[in-house]
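Taking it in order: structure first as structure tokens, then the write-up.
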Amino acid sequence: MSEITYGQAVEQIKNSLDIVDVVSKYVVLKKAGHNYSGLCPFHNEKTPSFVVTPSRQIFKCFGCGEGGDVLAFLMKINNQSFKEVIEEQAEILGIDLPKSSKDTQKYKQEKDRLLAAMDEAAKFYHKKLLANERALEYLEKRGVGEVAIGKFFLGLAPNSNFELKEYLREKGYTNDEMYKAGLLYEKNGDFLDRFKNRIIIPIMDVNSNTIAFGARAIMDGQNPKYLNSPDSSIYNKSNVLFGLNRAKDFIKQEDSVIIMEGYFDVISAHVAGVQNAVASCGTALTPQHIKLIARYSPSRKIYLAFDSDSAGQKATNLGAEVIKNIFSSLGDIKQYDSSYSQNTDSVCEIRVVSQVGGKDPDEFIREFGAQEYKKHIKTAPLFLDYRLDKVLSGINSDTTPQQKSEIVQQIADILSEIQNPVILSDYIKNTSFKLNLDEEILKTQVQKSKYKNSSFENQENEPQITISRHASKDLKTRYTLMENNLIKLAFVANTPEKRNFYAHAISAYKPHDEANLAIIASIDKTLGEVNNVDELAKKLFCEFYNNTTIQQKLSDEIFSSTEYENLDYENYIQAVNEIFERLNSIKNKLEKHELRQKIKDKSLSEDEKLKILYKQFEANRMETI
């Protein structure tokens with residue numbers, strides 16, 4: 001018997017899992033017609049908005065937007081990769097997966113060896129710390145006691161070039177393996193222990209595997225103060241947050257995360273009971289860090305708790321910009337506080353935790369306790385307010401008119417980010433009062449800043465092009481929406497006649513959107529192989545088993561297809577035809593827009609411009625036929 005393919009194994013696993021049974025292990029489901037509903041496990045809610053459809057084996061939350069098939073649910077709920085879900089379910093169900101290639105096996109074996117070496121190194125360092133009174137006293141003075149040492153498995157690197165290397169050699173590890181793991185470095189042809197005479201802080205992945213170390217100097221004049229493991233095949237500092245393995249469940253529970261600056265800030269926070277805290281590993285916040293956090297906090301409420309020095313302020317500003325850049329395309333970043341009210345319309349909330357008396361989180365928690373720190377966090381301003389307060393604090397009785405003018409410009413630049421006109425008006429009013437400035441002056445400056453920062457700041461002399469570009473963007477959006485409607489109609493083709501008509505209609509169509517292109521091509525290929533739309537949905541989810549983006553899109557279109565589900569055959573045909581008519585109309589407008597843009601190209605010859613004008617004439621003529 002020939003070995004099954006990986007895709008066949010995936011389909012076999014999916015067919016062996018019932019989504020209602022799987023979801024019921026995590027969510028209390030209640031029968032609601034043909035579906036089941038319950039409270040979403042991915043965000044906090046009081047009214048059920050989470051729906052499971054057994055006939056199509058999919059789920060959808062109408063609160064946070066999560067959706068997909070049973071495998072997507074397991075990936076999300078357990079924070080596992082697709083590969084991890086398949087391997088785990090295959091083992092549970094007794095389904096044999098195809099054997100890995102030699103290269104894959106070799107990589108896995110090497111990774112397992114490096115992780116095992118890191119685990120042995122962590123044990124070595126931990127034993128060294130417990131046996132060293134001086135190092136323990138040093139930590140005690142920093143407020144790091146027995147609980148913290150045990151909880152975070154802290155260690156001590158001895159003042160030796162070879163002690164760890166010799167220990168691991170006895171355990172069977174080679175110099176090459178230790179070097180690849182970042183435990184050794186090469187000097188003059190010899191391999192030496194990377195860390196010497198330092199407190200060792202194990203850095204773990206979300207599954208609590210030790211993948212790197214942070215090492216703090218314990219002697220005066222010892223530089224650098226912190227030394228970290230280099231990137232390796234098991235560790236990439238841009239993708240790892242210190243403490244996330246412990247914080248992830250508490251981030252879900254609190255639906256918020258506190259990003260701190262240092263390892264010991266996080267350690268003190270967790271030991272004291274502030275357990276949704278993490279830190280980057282000796283690097284600035286990256287998009288990967290933020291996306292990692294977003295898995296655990298549906299509302300994306302992020303507190304930045306960095307030091308108050310210039311480096312900390314810079315880290316705060318850069319970190320906030322990274323966060324804004326990732327989430328701004330999804331909707332509005334929260335920009336207004338009303339008695340610390342909940343704003344359910346925002347896609348992200350960035351707050352800045354200020355230091356009290358210059359104390360970092362580690363010092364504050366040790367001196368005042370976790371409860372006081374939690375109270376302090378609740379007063380943390382939004383990032384926009386934090387920046388305004390920083391600028392306003394520069395005004396005093398000695399401020400010259402020139403300095404005040406510069407401050408007003410800085411404030412105008414900040415306020416220009418606010419999109420809601422009511423909120424902006426309120427900010428202008430309050431800020432003008434604090435500045436002792438006429439509201440109209442600040443309003444004018446804000447409008448200038450908005451214009452200056454707009455996407456088309458270099459097009460002041462070509463307003464018609466600016467309008468045209470906006471129109472182009474709007475047309476492309478409408479085009480994609482029409483294609484989305486076309487996909488929806490596939491899932492209400494509940495008779496053979498409708499499916500036949502639909503298949504014929506899309507056979508020669510090439511979608512504009514890349515995801516829609518893949519989905520419609522798959523529908524075209526699959527529609528003749530199924531007996532009903534439920535089978536179609538299941539087949540498509542199997543087709544895109546390793547593409548969470550398309551699975552999410554499929555889930556959205558299937559659940560929103562209900563607007564078309566009661567169409568009879570004649571109305572169904574009319575709906576399909578109308579969508580194609582609109583698609584053709586939008587396509588023609590887009591082509592005309594592109595021709596208008598081309599003809600403005602000054603590098604074109606007169607002959608080339610005449611050809612474009614002829615095409616434009618032909619397009620206009622065809623539109624009137």
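For clarity, every value in this text was computed on a predicted model and none was experimentally measured.
- H126 contributes no side-chain N or O that, together with a main-chain N or O of G155, makes up a donor-acceptor pair within less than 3.5 Å.
- At least one side-chain heavy atom of L554 sits less than 4.5 Å from a side-chain heavy atom of F544.
- Put simply, the side chain of F153 reaches to within 4.5 Å of the side chain of K123, judged on heavy atoms.
- L136 approaches L130 most closely through the heavy-atom pair CD1-O, 3.8 Å.
- Ring geometry, Y373 versus H376: the interplanar angle falls from 30° to 60°, so the pair is classed tilted.
- Relative to the ring axis of F541, K14 does not place its NZ or CZ within 45° and under 6.0 Å from the centre.
- For F73 and Y26, the gap between ring centers is short of 6.0 Å.
- Taking 4.0 Å as the cut-off between side-chain N and carboxylate O, K165 and D190 count as a salt-bridged pair.
- A cation-pi arrangement, defined by a distance under 6.0 Å to the six-membered ring centre and an angle within 45 degrees of its axis, is present between R216 and Y226.
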Would you sort out whether F50 and Y36 count as a side chain to side chain contact (heavy atoms under 4.5 Å, CB included), showing the intermediate values? CA-CA 8 Å; F50 183 85; Y36 290 82; over 6 Å; no
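- Note: F191 and Y185 fail the aromatic proximity criterion, with ring centroids not under 6.0 Å apart.
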Check against side-chain hydrogen bond (donor to acceptor under 3.5 Å, both in side chains), Q551 and D69: CA-CA 7 Å; Q551 283 217 1; D69 65 358; 3.2 Å; yes
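- Between D255 and K301 there is no salt bridge, since no side-chain N of the basic residue sits under 4.0 Å from a carboxylate O of the acidic one.
- With no hydrogens or angles considered, a side-chain donor-acceptor pair links N161 and K196 at under 3.5 Å.
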Report the C-alpha distance between R113 and I234 in whole Å, list the side-chain angles of each, state the deciding distance to 0.1 Å, and finish with yes or no for side chain to side chain contact (heavy atoms under 4.5 Å, CB included). CA-CA 11 Å; R113 286 284 294 174; I234 58 172; over 6 Å; no
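- Side-chain contact of S160 with D193: a donor-acceptor pair under 3.5 Å is absent, judged by distance alone.
- Ring orientation note: the planes of Y263 and F242 are nearly perpendicular, at an angle over 60° on the 30°/60° scale.
- Annotation: cation-pi pair R366/F264 absent, no NZ/CZ under 6.0 Å from the ring centroid and within 45° of its normal.
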